[in-house]
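Following: one structure in C-alpha cells, then a few remarks.
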Amino acid sequence: ERIAGEQSEYELDTTGPALKRDPNKCILCGRCVRICEEVQGVSALQFTQRGFDSIVTTAFDLPQAEINCVNCGQCATVCPVGAITELSEIEKVWAALEDDSKHVLVQTAPSIQATLGEEFEMETGTVVTGKMVAALRRMGFDKVFSTDFGADLTILEEGSEFLKKLNGEGELPHITSCCPGWVKGAEHNFPDLLKHLSSAKSPMQMFSALSKTYYPDQTGVDPETIYTVAVMPCTAKKFEKDREEINGSDFKDTDAVLTTREFARMIKEMGINFTALPDEDFDELMGESTGAGTIFGTTGGVAEAAVRTVKEKLTGEPLERLNLGFRGINRAEVRIGDRIVKVGIANGFKNAQKLLERVRAGECDLDFIEIMACPHGCVGGGGQPRPATNEKK
Ligand code: SF4
C-alpha cells in the first residue's frame, strides 16, 4: 500500500501509442526492466530512486510516446500483475460491431492461428484456424479474411525490390520492413541505414489499404462504411496503424488492432465455447493465399519467402528450405543462377543491433537481412498469450 501510495504521487505520463503502464499495480519485480534491457537491448524502462522508494519509469520521466521504446510489448508479456498492458481497443471494436451502418472486416495474422488456442487451455501450437474463423463470424464480423493475402503482396513487392538491388539498382543489403517494432528501432538507432530498408508496407497495412479500395470496387460496398480490424500478435501494430505517412486509401487504412490476448478476451466476453466451435473457412476474395504468406509468422519466414520469389522469377526453379531456425543471428547461402545470394536473419532487437553494427562497420557480406523485433519473430510477439497461461496447465 505504501509503495502504491508513493508511486501515485508522481504524475507520470504512462500511456504510449501502444502500451500503458499503471504504476499503482507495479510490485517492482523488475521483469519489464530486465527483458527490455537484457533481452531486447532497448533499455526504455529503468528503476529510479524517489526519496526512499524505487519506481519503474522512463529516462527523465519522459512520456512513453517520446522515448526510444519500440512498442514490441515484451514487457507486457512478462508483467505478472498487469501493470503494463497493451492499449486496449476492445470497446472500439464492440462499438463498430454494434453499429448497423458499418461493414466490419477483420484480418488475422498468420501466427494467431497457432497461438490463440493457448488462451483456451489447448496444447501449445495447436492450429485453430477453422475455430478462429467461426468465432469471428459469431462475434458479428461481416467478412473474415487472412493477413496472409497481404503477406503474399508484401513478398511480391519486397522480392521485386530485392531483385532490382541485386541488379545494381540500390544498396545491398536489402533489409525487411514488415515489423513495425524493428522499423521504429531503426529510426532511433540506425537512421544512417534506413536507405537499406524495403519500401514495402507491412502485410497488415497492404491488406487494410486494399480493404478500402479493391474490396469496395469488387463488391460495391461503400468504402465510407468499411471498418477494418486487424488481429495481430503484436502491440507495435497499434502504433503502426496510426502513423500518418502509412495511410494510403484516402481513409484510415486500419481502424483498430486487437492483440491475440484482446481477441481471446472478446471471445470469452461473448460466452463462446471456443473449443466446441466447428471449423469454418475464410471468406473468398481476400481470404486466399500461398504458403509464402503463412511462414511470415516465424523467424526466417520473410527471408525464405522473398528469396523463393526471386529464385523462381529468375530461374523458374523452386527454392529448397532455408531452415534459418531460431538462433538469434543466422545465415544461409543460396545459389540463384550463377550467383550465390547470402541471406541473414536476426530475431530479437538486441541481436538485430549486433548484426547492424557489422553492416554499419562495412563488415557484413549479406545481400538480404530479415529483422524481427521479438524473440522468435511474431510467434513470440508482445500481444501473444502470456507464458503464465501455459504455466497454469
Ligand atoms: Fe510485432 Fe512481429 Fe515485429 Fe514483434 S516481431 S514487433 S510481433 S511484427
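Counting starts at 1 for both ligands and their atoms, in listed order.
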Which residue owns the protein heavy atom closest to atom 2 (Fe) of ligand 1, what's the atom, and how far is it? Cys378 SG, 2.4 Å

Students should be able to answer this: which protein heavy-atom is nearest to atom 1 (Fe) of ligand 1, and at what distance? Cys234 SG, 2.3 Å

Here's one to test your reading of the geometry: is the NZ or CZ of Lys131 within 45 degrees of the ring axis of Phe274 and under 6.0 Å from its centre? no

Taking the six-membered ring of Phe120, is NZ or CZ of Lys268 closer than 6.0 Å to its centre and within 45° of its axis? yes

Below 30° counts as parallel, above 60° as perpendicular, anything between as tilted: where do the rings of Phe207 and Phe149 land? perpendicular

Out of all atoms in ligand 1, which are within 4.0 Å of some heavy atom of Pro180? Include the element for each. 8 (S)

For Gly381, the atoms of ligand 1 under 4.0 Å from one of its heavy atoms are 7 (S)

With a cut-off of 2.8 Å, does Cys179 put an N/O/S atom close enough to atom 3 (Fe) of ligand 1? yes

Can Asp255 and Lys241 be counted as an ion pair, charged N to O under 4.0 angstrom? no

State whether Cys374 contributes an N/O/S atom found under 2.8 Å from atom 4 (Fe) of ligand 1. yes

Just by modelled atom types, is the Glu123 backbone N or O under 3.5 Å from a matching donor or acceptor in the Thr126 side chain? yes

